[in-house]
Chemist: 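Here it is: the structure, laid out below.
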Amino acid sequence: MLIQPVVLSGGSGTRLWPLSREKYPKQLLSFVGDDSLLQATVRRVDGLAGATLADPLVVCNEEYRFVIAEQLRLMGKRGSIVLEPVGRNTAPALTLAALAATRDGADPVLLVMPADHVIADTAAFQAVVRHGAALAAEGAVVTFGITPDAPETGYGYIQSGAVVDADGACRIARFVEKPDRVTAQSYLDAGNYLWNSGLFVMRASVWLAAIELCRPDILAGCRLAWSEGQADGDFLRVGKAAFVACPADSIDYAVMERLTGGNAQLPSGVVIPLAAGWSDVGAWDALWQVLPKDVDGNVAKGDVLLHDCHDTLALADSRLIACVGVDDLVVVETPDAVLVAHKSRTQEVKKIVDTLKAQQRPEGLLHRKVFRPWGWYDSVDNGERFQVKRIGVKPGSCLSLQMHHHRAEHWIVVRGTAKVTRGEDSYLVSENESTFIPLGQRHRLENPGRVMLEMIEVQSGSYLGEDDIVRFEDVYGRHE
C-alpha cells in the first residue's frame with residue numbers, strides 16, 4: 001500500500017501569540033522537543049510498518065515556503081510543497097493535495113495531518129493509521145476521533161454509530177459543534193462521542209469523487225488553479241486568480257458531515273478512536289498540559305526563576321522572567337512583546353492579536369527576528385531616520401540585486417566574509433571591515449564562504465520600511 005503523507009500547514013496560531021505570528025505561525029516553532037511542530041508531524045510516520053511511504057506533501061501559504069523547505073532539508077526529507085496564494089480553508093487545500101498526488105497516475109492513500117498537533121505516543125498513532133489505511137484502501141473515508149478524558153468545550157465532537165470491525169472502527173453517526181459544558185459532560189457520559197481531531201485517511205480518488213459530488217464548485221476552482229500552475233523547484237504553484245476565486249470551506253463542512261446522510265453515491269464515513277496523547281496545542285493552557293512540569297505543576301523554559309508559584313507556564317526567549325507567588329498564570333516573553341494571562345482565559349489572546357492588526361502594529365505579523373530564504377535579520381534598534389539590524393546570510397546564499405529610494409545603508413562585517421556588489425563594482429569585505437551603500441544605488445550582498453556571514457546594518461533615511469525595495473534580480477523568484 002502506498003501512503004502519501006499530506007501535511008496541511010495553513011493555520012496562523014493566533015492564540016499562541018507572541019511566539020506565534022501571522023507570518024511565522026506556531027507550526028514552524030519548536031514547543032515540544034527540538035523539532036518544530038511541522039517537523040514532528042512529518043517525522044511521526046517514519047517507519048510505518050506495512051506500507052510504502054511517499055515523500056511528504058505539504059500544502060502551505062506562500063509566505064512560509066522557504067522556512068518549510070529549509071525545515072524539511074534539515075530533516076533530510078525530500079518532498080513537494082504546494083503553495084496556496086491565499087488561504088481557502090482545508091477542503092481546497094486537501095483537493096490540491098489530491099490533484100498533486102494523482103498527477104502521475106497514482107492513487108495513493110492520503111494520510112492528512114494538520115501541521116500543528118502534538119502526539120505523544122507515536123507507536124499508538126501508527127497502529128491506528130495502519131488500521132485506517134486498510135479501510136481507506138477499500139474506499140472508506142476515515143477520520144480519527146480522540147478518546148475524551150474531560151468535558152472539553154473547545155473541540156467539536158463525533159458521535160460513533162454502527163460498529164464496522166472488532167478493532168473499534170465505527171460508522172460516523174454525526175458531527176456536532178463545540179458544545180457548552182453541560183452538553184460536553186453528557187457526551188462524555190454517553191461514551192460514544194469522540195473529539196474531532198482533524199486527521200483523515202482516504203484514497204486520493206475517493207476524495208476527488210466525494211468533493212465533486214458535495215462541492216463541485218470547489219473541485220472546479222482547484223482544477224482550474226492546478227491547470228494554471230507550474231513547478232518551481234520543490235514548489236508547486238497554482239494559478240493565483242483561479243484559487244482566489246475558489247470557495248473556502250473545511251473538510252468537515254464540505255464532505256465529512258454529508259457522509260452521514262445515507263447518500264449511496266458517497267463513500268462511507270468511518271471513525272476510529274485514537275488514544276495517543278493528542279493535543280492540537282490551540283492555546284497556552286493546552287501547551288501547559290502537554291509539557292513536562294515540576295513538582296508544583298510549573299512549566300519553565302528559558303531564563304526563568306520561580307518562587308512559590310503553582311501551575312504556571314513561563315517561557316523566556318531573550319530575558320530573565322521572575323515570578324513570585326503566582327498560580328495558574330501564563331507569562332511569555334519575546335524580544336518585542338510580553339504576554340501575561342490567566343491560564344483559564346488563554347483563548348482570549350486572539351483578541352489582543354485582533355487589536356494589533358486593527359492598529360496595524362507589526363507585533364501581530366512578524367517577530368523582531370525575521371527569517372528569509374537567504375538567512376535572517378533582527379531589528380535591534382530604531383529611531384527617527386535610523387534603524388539598526390543584525391543580518392545573517394547562510395553560506396553560498398545571496399540577497400536580491402536591489403535598490404532603495406529612501407535610505408542609505410552602512411554594513412559592518414563581524415563574522416565571515418561578504419561579497420558586495422555596488423553599481424558596477426564587486427569586492428570583498430572581511431571581518432572588522434565596512435562598506436557604504438548610497439541611497440538609490442543598485443547593490444547585492446552575498447556570502448561566498450563556508451561559515452555564516454554576520455553583519456551589522458545601519459540604515460539612515462526618510463523612510464525605512466521593508467517595502468522600500470526595488471528588486472532587479474532574485475534567485476528566489478520574489479518581486480515584492
Side-chain angles (χ1 to χ4, degrees), residues 7-44 56 58-75 77 79 81 87 113-120 198 277-292 299-304 313-319 321 330-341 343 346-347 349-350 352-353 356-357 362-373 375-379 392 394:
V7 179
L8 303 182
S9 182
S12 58
T14 53
R15 292 174 181 84
L16 288 174
W17 183 89
L19 282 188
S20 180
R21 308 284 174 104
E22 182 174 321
K23 293 193 175 182
Y24 204 85
K26 66 176 180 176
Q27 60 265 32
L28 306 180
L29 300 169
S30 301
F31 290 107
V32 183
D34 296 329
D35 283 342
S36 71
L37 294 179
L38 181 141
Q39 288 173 315
T41 301
V42 172
R43 206 182 299 279
R44 194 166 292 140
V58 181
V59 185
C60 71
N61 189 287
E62 277 196 49
E63 290 276 358
Y64 321 143
R65 65 192 186 278
F66 294 114
V67 177
I68 289 176
E70 177 67 6
Q71 291 196 357
L72 293 178
R73 186 193 68 79
L74 290 172
M75 298 175 68
K77 297 285 188 182
I81 302 174
M113 302 176 289
D116 54 2
H117 290 181
V118 169
I119 293 179
W278 171 93
S279 173
D280 70 348
V281 200
W284 289 115
D285 61 320
L287 183 65
W288 172 82
Q289 290 173 358
V290 302
L291 288 175
V299 174
K301 296 182 71 174
D303 193 2
V304 174
L313 173 68
L315 306 181
D317 185 20
S318 62
R319 287 168 287 180
I321 288 178
V330 172
V331 183
V332 182
E333 178 272 334
T334 67
D336 62 347
V338 176
L339 169 72
V340 180
K343 191 144 55 65
T346 56
Q347 294 287 337
V349 172
K350 185 178 184 298
I352 297 294
V353 178
L356 292 172
K357 289 182 180 180
E363 293 92 343
L365 293 174
L366 293 165
H367 288 277
R368 201 185 76 176
K369 187 174 185 178
V370 177
F371 290 91
R372 290 289 187 249
W376 50 265
Y377 68 84
D378 185 0
S379 300
K394 295 183 291 188

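Heavy atoms only: backbone and side chains are in, while hydrogens, waters and symmetry mates are out.
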Chemist: For Asp35, which residues count as a salt bridge (charged side-chain N to carboxylate O under 4.0 Å, His left out) partner, sequence neighbours excluded?
Modeler: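 Arg43.
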Chemist: Who are the ring-ring contact (aromatic ring centres under 6.0 Å, His included) partners of Trp278, not counting sequence neighbours?
Modeler: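 Partners of Trp278 under the ring-ring contact (aromatic ring centres under 6.0 Å, His included) test: His117, Tyr155.
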Chemist: At what distance, to the nearest 0.5 angstrom, does OG1 of Thr41 lie from CD1 of Ile119?
Modeler: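 These two atoms lie 7.5 Å from each other.
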Chemist: Distance check, rounded to the nearest 0.5 Å: Asp317 atom CG versus His367 atom NE2?
Modeler: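 Going from CG on Asp317 over to NE2 on His367, the span is 8.0 Å.
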Chemist: What closest approach, in Å, do Gly282 and Lys26 show between heavy atoms, and which atom pair accounts for it?
Modeler: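 The pair with the smallest heavy-atom distance is CA-NZ, 3.8 Å.
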Chemist: Should Val330 and Trp288 be marked as a side chain to side chain contact (heavy atoms under 4.5 Å, CB included) after you check the CA-CA gap, both sets of side-chain angles, and the distance that decides it?
Modeler: CA-CA 9 Å; Val330 172; Trp288 172 82; over 6 Å; no
Chemist: If you round to the nearest 0.5 Å, how far is CG of Leu28 from CG of Leu19?
Modeler: 12.5 Å
Chemist: Ignoring hydrogens, what is the shortest heavy-atom contact between Leu339 and Trp284? Give both atom names and the distance.
Modeler: CD2-NE1, 3.4 Å
Chemist: Is there a side-chain contact between Phe31 and Val290, using heavy atoms and a 4.5 Å cut-off?
Modeler: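 The answer is no; the side chains never approach within 4.5 Å.
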Chemist: List for me each residue that meets side-chain contact (heavy atoms from CB on, under 4.5 Å) alongside Lys369, sequence neighbours excluded, and say none if there are none.
Modeler: Phe371, Trp376, Asp378
Chemist: Residues two or more places apart in sequence or in another chain: which of them pass side-chain hydrogen bond (donor to acceptor under 3.5 Å, both in side chains) with Glu70?
Modeler: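 Applying side-chain hydrogen bond (donor to acceptor under 3.5 Å, both in side chains) to Glu70 gives Arg73.
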Chemist: Find the distance between CG (Leu315) and CG (Leu291) and round it off to the nearest 0.5 Å.
Modeler: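 Between Leu315 CG and Leu291 CG, I get 7.5 Å after rounding to 0.5 Å.
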Chemist: Taking side-chain contact (heavy atoms from CB on, under 4.5 Å) as the definition, give me every residue that meets it alongside Val304, ordered by chain and number, with sequence neighbours left out.
Modeler: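 With neighbours one apart ignored, the set is Ala300, Leu306, Ala314, Ala316, Ile321.
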Chemist: Got a sec, which residues hit side-chain contact (heavy atoms from CB on, under 4.5 Å) with Ser318, two or more places apart in sequence or on another chain?
Modeler: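 Ser318 satisfies side-chain contact (heavy atoms from CB on, under 4.5 Å) with Glu333, Pro335 only.
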Chemist: Let's go through Arg319 and Val338 carefully: what are the C-alpha distance in whole Å and the side-chain angles of both, what is the deciding distance for side chain to side chain contact (heavy atoms under 4.5 Å, CB included) to 0.1 Å, and is it a yes or a no?
Modeler: CA-CA 10 Å; Arg319 287 168 287 180; Val338 176; 3.9 Å; yes
Chemist: Mind checking side-chain hydrogen bond (donor to acceptor under 3.5 Å, both in side chains) for Gln289 and listing every partner two or more places apart, or none if nothing turns up?
Modeler: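 With neighbours one apart ignored, the set is empty.
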Chemist: List for me each residue that meets salt bridge (charged side-chain N to carboxylate O under 4.0 Å, His left out) alongside Asp280, sequence neighbours excluded, and say none if there are none.
Modeler: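 Testing Asp280 for salt bridge (charged side-chain N to carboxylate O under 4.0 Å, His left out), a comparison that skips the adjacent residues, returns none.
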Chemist: Applying the side chain to side chain donor-acceptor pair (under 3.5 Å) test to Thr334, which of Arg21, Arg368, Glu363 qualifies?
Modeler: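 With Thr334 as partner, side chain to side chain donor-acceptor pair (under 3.5 Å) holds for just one option, Arg21.
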Chemist: If I take atom CG from residue Asp116 and atom OG from residue Ser20, how far apart are they, to the nearest 0.5 angstrom?
Modeler: 9.0 Å
Chemist: Do you know the tightest heavy-atom contact between Arg65 and Ile81?
Modeler: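 In terms of heavy atoms, the two residues are closest at O-CD1, 4.2 Å.
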Chemist: Heavy-atom distance under 4.5 Å between the side chains of Leu37 and Leu29, does that happen here?
Modeler: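 No; the side chains remain at least 4.5 Å from each other.
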Chemist: Identify, with sequence neighbours excluded, every residue that meets salt bridge (charged side-chain N to carboxylate O under 4.0 Å, His left out) alongside Glu62.
Modeler: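 With neighbours one apart ignored, the set is Arg237.
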Chemist: Quick one: list whatever passes salt bridge (charged side-chain N to carboxylate O under 4.0 Å, His left out) with Lys357, sequence neighbours left out.
Modeler: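 Expected list: Glu22.
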Chemist: Using a cut-off of 6.0 Å, state whether more than 12 heavy atoms not belonging to Lys350 lie near its atom NZ.
Modeler: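 Atom NZ in Lys350 is not crowded, with 12 or fewer foreign heavy atoms closer than 6.0 Å.
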Chemist: Please report the interatomic distance NZ(Lys23) to CD(Glu63), rounded to the nearest 0.5 Å.
Modeler: 4.5 Å
Chemist: Which residues satisfy the side-chain contact (heavy atoms from CB on, under 4.5 Å) test with Ala115, sequence neighbours excluded?
Modeler: Val7, Ser9, Gln27, Leu38
Chemist: With sequence neighbours excluded, what pairs up with Thr14 under the side-chain hydrogen bond (donor to acceptor under 3.5 Å, both in side chains) test?
Modeler: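 Expected list: none.
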